[in-house]
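Note that these values count all heavy atoms, side chains included, but never hydrogens, waters or copies made by symmetry. Letters go in sequence order (proteins before strands), and every chain restarts at 1.
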There are 4 protein chains.
Amino acid sequence: MSKPTADATDRPDVISRTGPRRSESARLAVLHAADDLLVERGFAELTIEGIAQRAGVAKQTIYRWWKSKVDILLDTLADDAREALQWRTPESDTEAEEDLKAHLRRVAGFFQDPAGQVLQALVGHAQLDGKTARALRDGFLREQRERDIAGLRALLTRSPHVTVGDQAVGRLVDLLFGPLYYRALVLGEPIDEEVVEATARAVLTLARESAA
Amino acid sequence: MSKPTADATDRPDVISRTGPRRSESARLAVLHAADDLLVERGFAELTIEGIAQRAGVAKQTIYRWWKSKVDILLDTLADDAREALQWRTPESDTEAEEDLKAHLRRVAGFFQDPAGQVLQALVGHAQLDGKTARALRDGFLREQRERDIAGLRALLTRSPHVTVGDQAVGRLVDLLFGPLYYRALVLGEPIDEEVVEATARAVLTLARESAA
Amino acid sequence: MSKPTADATDRPDVISRTGPRRSESARLAVLHAADDLLVERGFAELTIEGIAQRAGVAKQTIYRWWKSKVDILLDTLADDAREALQWRTPESDTEAEEDLKAHLRRVAGFFQDPAGQVLQALVGHAQLDGKTARALRDGFLREQRERDIAGLRALLTRSPHVTVGDQAVGRLVDLLFGPLYYRALVLGEPIDEEVVEATARAVLTLARESAA
Amino acid sequence: MSKPTADATDRPDVISRTGPRRSESARLAVLHAADDLLVERGFAELTIEGIAQRAGVAKQTIYRWWKSKVDILLDTLADDAREALQWRTPESDTEAEEDLKAHLRRVAGFFQDPAGQVLQALVGHAQLDGKTARALRDGFLREQRERDIAGLRALLTRSPHVTVGDQAVGRLVDLLFGPLYYRALVLGEPIDEEVVEATARAVLTLARESAA
DNA sequence: GGCTAACCGAGACGGTACGTCAAGTCTTGGC
DNA sequence: GCCAAGACTTGACGTACCGTCTCGGTTAGCC
């Protein structure tokens, strides 16, 4: 969500209500209010005025730091999603397929999280508004894709002992996440174990085949 | 919602300004205005008042027949998208893979069409609004998925001579369209030949494997 | 800005809440609310939103018909002030001086009226804003001055039997109303009988002298 | 409110940016900025923030020393207006009427001056706001009226050799300045020679008459 | 000669009202 | 009974200033 208040020892904890420096408490209040309201009422009913009221903050304070509700949600996303969608390096030597499936399950779970709903809303709104699309792509998706490509390549290199080019990994990433997003965004249906299994097996099969 | 175009062949274009029966010219004017404005300005700037003005129609006339702008767009979708996303039966005995790739290319092209943009906008808006989600699923997506399942099964039965259960075909459909929607909606990047090829091959490979 | 209620015969009196014609009840509610609030709280605290709330009317309904609160007050003025500042023709043959003093007393009293406070506020605001100045001059003061010149000339012609040119009457009107406005606007002090008497006598003396 | 320019002759102009004593340069910068902005843009567009920016001064520095923009303008008025509206004692033995007319001409000219515009704005704003009215009356107008009464009495005593009571002089002052303020504030028209002449003659005539 | 108290610039903060936009409802009058 | 026209209430938009409140950096004058 945003950097923690610094790691203590001697936090003042006295919230200086105002001053010439940005108020961290106001920033967090806005971020949390936005997140809560999105989950409670949905993106369509999310308004700047509602966020301001919920956060106990003046509207102008929001407009001073964010351009729109999309901008706020992008901030919300920044910390949370990055972590939730992170590729874990396996602790012991497990099967590659199991690791992949575990990652997919984590991604599937993410769509139920508040942070997942934020991303879902932003991807939705990106269809309707070019600026949102650009901001989302530049501010999150591009980097996420790079992390996904690196993560998948690392996994493939490890166990099936295949080496694939960047472009080829890109296509495998499409194959890997496409079905998940498709079910979540388009069909609005849950991503169950079978989907996870089929998708993981498909990607690994293709990887081995294209290595041959 | 509104009656289908009906007697076709010849659009009336005769403006019967009013009367005790629904004006077909008003209906078409609204549909075309909505379509045009969506393509010209995007969903975010699409307003009922704007449509009314562009169509030369009173706002009330719109509210009498449609519940929202989403409702109007669903109407414009109905005829166009169904046809564009239809599975063609091969004219001669071509390879299944070629047929599949041809279909994917058609779907990829559809995303550039006006009708494709309408669907894209509606899927986007469905992330933000539950009613839209339900209307879109009930009014279009569910049936489209049935057509897709049937289409893919027919293709698989024909050439790789495999028979797969309904559930399995469902998962293959996810694998087939997932990457396309993922690239279009999430990444906002074009669906090039490589993606088409990789996806088609993945699906056929998996189909053969799961038949074994 | 808006025509008076017209003189009835068959007023509907049924308040049609809305429709394609301007709502007379809304118009009157706004005018009265503005008048009341001005008297109660003063011009500085008079806000469009406050008027709207008090009148039980939407803000947009005010903006549809008036450009600003000044515009509303000008409407308020139109009917009331014209009448209050009207020159009465004497019923019987009284002294010119008595008639003049009677008129000044009426004007002095006007400054205590709601309508008088409206005029006072508008004249005040005209010092601060060019547009208000122009609107007030064009919409009320110019015509009022013409009525004043005509009224004073008629009075002078009647009893002191003097005839004076237009320009000379203009200067006499300055002499006549100047002290009243000066006391009301600049000094903020009451216009007592002595002021009325001194002013009336000064004007009549000057009139006789300049006729000689 | 703020101390007068004090030691004069030489304006400091040395910018002592800060310190434990009130900064004279900041005080003057605010006063000049307010004056300039009033003349350039008018009272309505005059804001504390605008003055602060123009003066290169922090908002808080203004609020520390003045209560409102009216308070600032009263300060700018203090020195300038008192002098401009001062009654001159005739150098040689001229006619009383000439002296009176000369004074009126000076007052008329004052309304064109920056200082005159400040007074005009303050009188205007006093109609809209009770506090301003009180501050203006207490801080300037009451004393000015005393000076005017003394000035007129001195003039009358000199030449027409009439002696009039305080109350009577008060009424003559109303007659004298009323028409000027009336033309300037209410009609917004210039005070030409004819007005000056008619007013001066009216006052002298009345003075002689009431002395009889 | 160091300390401290008041000043200064900068500017963030909670507010109030602004004037605009579109939504969705309702009514009139014509065909 | 449908239609064009458009007035109405509602609610959010994004902006402008208000007056209050730190913050960190001077600098004068007292110890």
Side-chain angles (χ1 to χ4, degrees), chain A residues 14-27 45-53 55-65 67-69, chain B residues 15-23 25-26 45-53 55-65 67-69, chain C residues 14 16-27 45-52 56-65 67-69, chain D residues 15-23 25-27 45-53 55-65 67-69:
Chain A
V14 184
I15 294 164
S16 74
R17 202 177 65 63
T18 176
R21 292 277 166 266
R22 176 169 189 180
S23 159
E24 180 67 8
S25 66
R27 187 182 144 266
E45 289 186 40
L46 185 65
T47 65
I48 297 271
E49 297 202 333
I51 296 171
Q53 194 167 355
V57 141
K59 211 172 23 158
Q60 187 55 41
T61 295
I62 295 185
Y63 282 108
R64 201 184 342 266
W65 302 108
K67 269 183 282 187
S68 61
K69 62 180 182 178
Chain B
I15 295 166
S16 74
R17 200 178 132 287
T18 178
R21 287 276 166 266
R22 175 170 189 181
S23 159
S25 66
E45 290 186 39
L46 186 66
T47 66
I48 296 274
E49 296 201 332
I51 296 171
Q53 195 169 353
V57 141
K59 226 178 3 165
Q60 186 53 37
T61 298
I62 295 185
Y63 281 109
R64 208 186 332 267
W65 302 107
K67 268 182 284 186
S68 62
K69 62 181 183 179
Chain C
V14 184
S16 71
R17 201 177 68 61
T18 176
R21 293 275 168 266
R22 175 169 189 180
S23 160
E24 180 66 8
S25 66
R27 186 184 145 264
E45 290 186 39
L46 184 66
T47 66
I48 296 271
E49 296 201 333
I51 296 171
V57 142
K59 206 169 32 155
Q60 187 56 41
T61 296
I62 294 185
Y63 280 107
R64 204 189 334 272
W65 303 108
K67 269 182 282 187
S68 61
K69 62 180 180 177
Chain D
I15 294 166
S16 76
R17 203 179 129 285
T18 177
R21 288 276 166 265
R22 176 169 189 181
S23 160
S25 67
R27 186 184 146 264
E45 289 187 39
L46 185 67
T47 65
I48 296 273
E49 296 202 332
I51 296 170
Q53 195 169 354
V57 139
K59 222 176 9 161
Q60 185 54 36
T61 297
I62 294 185
Y63 280 109
R64 208 190 329 271
W65 303 108
K67 270 183 281 186
S68 62
K69 63 181 181 177

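Look at A:Thr61 and you'll find a side-chain N or O under 4.0 angstrom from OP1 or OP2 of E:dG14. For C:Trp65 and F:dC8, the shortest distance from a side-chain N or O to OP1 or OP2 is below 4.0 Å.
For the atom pair C:Lys59 NZ and C:Thr61 OG1, the distance stands at 12.0 Å (nearest 0.5 Å).
Atom CD of A:Glu24 is separated from atom P of E:dA12 by 15 Å (rounded to the nearest Å). For the pair A:Ile62 CD1 and E:dG14 P, the computed distance is 9 Å after rounding to whole Å. For the pair A:Gln53 CD and E:dG14 P, the interatomic distance rounds to 13 Å; values are reported in whole Å. Following rounding to the nearest Å, D:Arg22 (CZ) and E:dC7 (P) show an atom-to-atom distance of 10 Å. In this structure, the CZ atom of A:Arg64 is 13 Å from the C1' atom of F:dC18, given to the nearest Å.
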Identify each atom pair where a protein N or O and an N or O of nucleotides 13-16 of chain F are less than 3.5 Å apart, giving names and distance.
unit_1	atom_1	unit_2	atom_2	d
F:dC13	OP1	A:Ile48	N	2.9
F:dC13	OP2	A:Ile48	N	3.3
F:dC13	OP2	A:Glu49	N	3.0
F:dG14	OP2	A:Tyr63	OH	2.4
F:dG14	O5'	A:Tyr63	OH	3.3
F:dG14	N7	A:Lys59	NZ	2.9
F:dG14	O6	A:Lys59	NZ	2.7

So which protein nitrogen or oxygen atoms get under 3.5 Å of nucleotides 29-31 of chain F's nitrogens or oxygens?
none

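A pairwise comparison of heavy atoms in C:Ala26 and C:Val57 identifies CB-CG2, 4.1 Å as the closest pair. Here the closest non-hydrogen pair linking D:Ala58 and D:Ala52 is C-CB, 4.3 Å.
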task = Report the C-alpha distance between D:Trp65 and D:Arg27 in whole Å, list the side-chain angles of each, state the deciding distance to 0.1 Å, and finish with yes or no for side chain to side chain contact (heavy atoms under 4.5 Å, CB included).
result = CA-CA 9 Å; D:Trp65 303 108; D:Arg27 186 184 146 264; over 6 Å; no
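Judged by distance alone, with hydrogens and angles left aside, the side-chain atoms of C:Lys69 form a donor-acceptor pair with the main-chain N or O of C:Leu46 at under 3.5 Å.
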